[in-house]
Amino acid sequence: MTEPIVVVGAALLSGGRLLAARRTAPPELAGRWELPGGKVEPGETPQDALVRELREELGVEAEPAERVPGEWPLRADYVLRVWTAHLLSGDPRPLEDHDELRWLTPDEIWDVDWLDQDVPAVMETARLAWGKDGSGVR
Ligand SMILES: Nc1nc2c([nH]c(=O)n2[C@H]2C[C@H](O)[C@@H](COP(=O)(O)OP(=O)(O)OP(=O)(O)O)O2)c(=O)[nH]1
């Protein structure tokens, strides 16, 4: 069996909020919200990829923290794995792949139109970060 391509998602947490990013491409994903990140390249660890992607996409330096338990299939050969992360420096800006960013409080977590495949990942992230899944406020 071939190994799936790992897409690393960054659950960037700051001041009790989670950063969500709105994609600009491809057309079928544009306008939907996701965790910033991208494909792990050969020779990289997922944590390396997270640091690189947040530098490229948001212009920040970040430090990966904990793996969010679970993994979520995207398309046939891609799988999403998520790490929480903390900002070391910089203020996130949508430099590439995104046109809007939002810092969501636990009560706001379901206010954005997450990609379908991200919903379970965001639930697990909320549970890990805040000890609940936000379902009561959905
Ligand atoms: N970054 C990210 N991608 C996601 C999420 N959910 C989801 O289905 N995807 C999909 C969208 C893309 O098909 C794929 C990630 O590819 P990408 O285009 O963001 O990654 P990349 O920066 O490495 O891409 P590339 O332009 O170098 O090819 O995973 C998510 O939460 N975060």
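All ligand and atom numbering here is 1-based and tracks the order in the structure. Hydrogens, waters and symmetry mates play no part in the numbers below; they use all other heavy atoms, side chains included.
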For L54 against P36, the heavy-atom pair lying closest together: CD2-CB, 3.8 Å

Salt bridge flag under 4.0 Å for residues R32 and D116: yes

Minimum side-chain heavy-atom gap P4-D77 below 4.5 Å: no

Atom 25 (P) of ligand 1 touched by protein heavy atom at under 4.0 Å: yes

For G37, atoms of ligand 1 separated by under 4.0 Å from a heavy atom: 1 (N), 19 (O)

Result of checking D118, V82, V79, V7 against W72 for side-chain contact (heavy atoms from CB on, under 4.5 Å): V82

Nearest non-hydrogen partners of R55 and L95, listed with the distance: O-CD1, 4.4 Å

Ligand 1-proximal atoms of E53, by part, heavy-atom distance under 4.0 Å: side chain

Minimum-distance protein heavy atom relative to atom 31 (O) of ligand 1: D118 OD2, 2.3 Å

Option nearest atom 14 (C) of ligand 1 (shortest heavy-atom distance, choices L80, V7, V6): V7

Polar contact flag for L35 and ligand 1 (N/O pairs, less than 3.5 Å): yes

E41 touching ligand 1 at heavy-atom level, < 4.0 angstrom: no

Interfacing atoms of ligand 1 (cut-off 4.0 Å, heavy-atom, L29): 11 (C)

Atom 5 (C) of ligand 1 [closest protein heavy-atom partner, distance rounded to 0.1 Å]: E34 OE1, 3.4 Å

Taking every non-hydrogen atom, the tightest pair across A49 and K39: CB-O, 4.4 Å

For ligand 1, the portion of Q117 having any non-hydrogen atom under 4.0 Å away: side chain

Test applied, salt bridge (Lys or Arg N to Asp or Glu O under 4.0 Å); reference residue, R22; option that passes from D99, D97, D113: D99

Closest non-hydrogen atom pair between P64 and V51, with its separation: CD-CG2, 3.8 Å

Shortest protein heavy-atom distance from atom 10 (C) of ligand 1, along with the residue and atom involved: L74 CD1, 3.8 Å

Geometric N/O contact L115 with ligand 1, under 3.5 angstrom: no

Protein contact of atom 11 (C) of ligand 1 - nearest heavy atom, named by residue and atom, plus distance: R23 NH1, 3.4 Å

Min N/O separation Y78 to ligand 1 under 3.5 Å: no

Minimum-distance pair of heavy atoms, taken over all atoms of V8 and L80: C-CD1, 4.4 Å

For atom 27 (O) of ligand 1, closest protein heavy-atom neighbour: K39 NZ, 4.5 Å

Distance-minimising heavy-atom pair for A25 and A30: N-CB, 4.0 Å

